[in-house]
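Here's the structure, in structure tokens; my notes come after.
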Amino acid sequence: MISILVCSVCLFLSLVMAVIRLIIGPTLADRVVALDLISFITIGYIALYTLYSGQMALLDIAVTLGLVAFLGTIAFARLIAKQSREG
């Protein structure tokens with residue numbers, strides 16, 4: 001129980017730092033990485049809650065969110081690459 005609390009606090013601190021990077025990130029790439037990190041921190045929260053509650057069905061949601069976040073990151077990377085080629 002203590003380890004779940006410690007992990008939750010660590011995830012919260014990393015979420016706060018990622019949101020700060022999202023807000024003040026000087027480039028679009030910084031913001032894309034921050035959004036990707038926020039989605040994977042959310043996956044961490046889902047996994048942590050799965051351990052706490054014992055509901056294994058939540059892991060399917062975490063895997064799906066991971067796949068969607070990966071595809072979103074690829075789309076943003078293509079957009080950034082296209083913008084750098086044009087201008």
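Please read all numbers here as calculations on a predicted model, not as lab measurements.
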_Heavy-atom closest pair, residues Ile61 and Ile46_ = CG2-CD1, 4.2 Å

*Provide the closest heavy-atom pair for Leu48 versus Cys7 in the form atom of the first, atom of the second, distance.*
CD1-CB, 3.8 Å

*Verify the cluster assignment for Ile4 and Leu11: are they in a single hydrophobic cluster under the rule of side-chain heavy atoms below 4.5 Å apart?*
yes

*To the nearest 0.5 Å, how far apart are CG in Leu22 and CG in Leu15?*
10.5 Å

*Which atom pair, heavy atoms only, marks the closest approach of Ile38 to Ala18?*
CG1-CB, 3.7 Å

*Looking only at heavy atoms, what is the nearest atom pair of Ile24 and Arg31, with distance?*
C-NH2, 4.4 Å

*side-chain hydrogen bond (donor to acceptor under 3.5 Å, both in side chains) contacts in which one or both residues fall within residues 2-19, not counting sequence neighbours*: none

_Considering only residues two or more places apart or on different chains, which pairs with a residue in residues 40-68 satisfy side-chain hydrogen bond (donor to acceptor under 3.5 Å, both in side chains)?_
none

*Return each pair, listed once, that meets side-chain hydrogen bond (donor to acceptor under 3.5 Å, both in side chains) where at least one residue sits in residues 17-28; pairs must be two or more places apart or across chains.*
Thr27-Asp30

*Residues which pass side chain to side chain contact (heavy atoms under 4.5 Å, CB included) with Val9, listed by chain and number, not counting sequence neighbours*: Leu13

*Give me the other members of the hydrophobic cluster that Val6 sits in, counting Ile, Leu, Val, Met, Phe, Trp and Tyr linked by side-chain heavy atoms under 4.5 Å, directly or via other members.*
Ile2

*Partner set under side chain to side chain contact (heavy atoms under 4.5 Å, CB included) for Leu5, not counting sequence neighbours*: none

_Can you list, by chain and residue number, the hydrophobic cluster partners of Val33 when the side-chain cut-off is 4.5 Å?_
none

_Partner set under side chain to side chain contact (heavy atoms under 4.5 Å, CB included) for Val16, not counting sequence neighbours_ = Phe12, Ile20

Using a 3.5 Å cut-off and no angle test, enumerate the donor-acceptor pairs between side-chain atoms of residues 69-77 and protein atoms at least two apart in sequence or in another chain.
residue : atom : partner : partner atom : Å
Thr73   : OG1  : Asp36   : OD1          : 2.9
Thr73   : OG1  : Ala69   : O            : 2.9

*Other cluster members, Val63 - Ile/Leu/Val/Met/Phe/Trp/Tyr, side-chain contacts below 4.5 Å*: Leu67

